[in-house]
Amino acid sequence: MPETAKAMTVTTVTALVLVTAYSVALGGSGWLWLAWVVLGLVTLGMATTKER
């Protein structure tokens with residue numbers, strides 16, 4: 001896996017932890033979860049493509 005994909009994976013997992021903590025502390029936000037899903041899909045796309 002390319003270094004950029006590894007960095008995106010770390011960013012995505014960190015964002016998941018932060019969004020979960022925010023939802024527990026202040027209540028869920030659909031926009032935050034939508035943003036996390038989009039970030040996750042971008043990360044998945046980066047992880048599955050090959051670097052040239």
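Numbering of residues begins at 1 and proceeds along the displayed sequence. This one's a predicted model, so the numbers in the text were calculated from it and none came from an experiment.
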Rounded to the nearest 0.5 Å, the CG atom of Leu44 sits from the OG1 atom of Thr49 at a distance of 9.5 Å
Heavy-atom nearest pair, Trp36 first then Thr12, reads NE1-O, 3.0 Å
Heavy-atom nearest pair, Ala15 first then Leu39, reads CB-CD2, 3.9 Å
ILVMFWY network linking Tyr22 to Trp31, side-chain heavy atoms under 4.5 angstrom:
no
side-chain contact (heavy atoms from CB on, under 4.5 Å) between Thr9 and Met46: does it pass, once the steps are laid out? CA-CA 9 Å; Thr9 302; Met46 286 182 66; over 6 Å; no
The side chain to side chain contact (heavy atoms under 4.5 Å, CB included) partners of Thr14 (sequence neighbours excluded) come to Val10, Leu18
Sorted by chain and residue number, the side chain to side chain contact (heavy atoms under 4.5 Å, CB included) partners of Leu41 (sequence neighbours excluded) come out as Val37
Sequence neighbours excluded, the answer for side chain to side chain donor-acceptor pair (under 3.5 Å) partners of Trp33 is Ser23
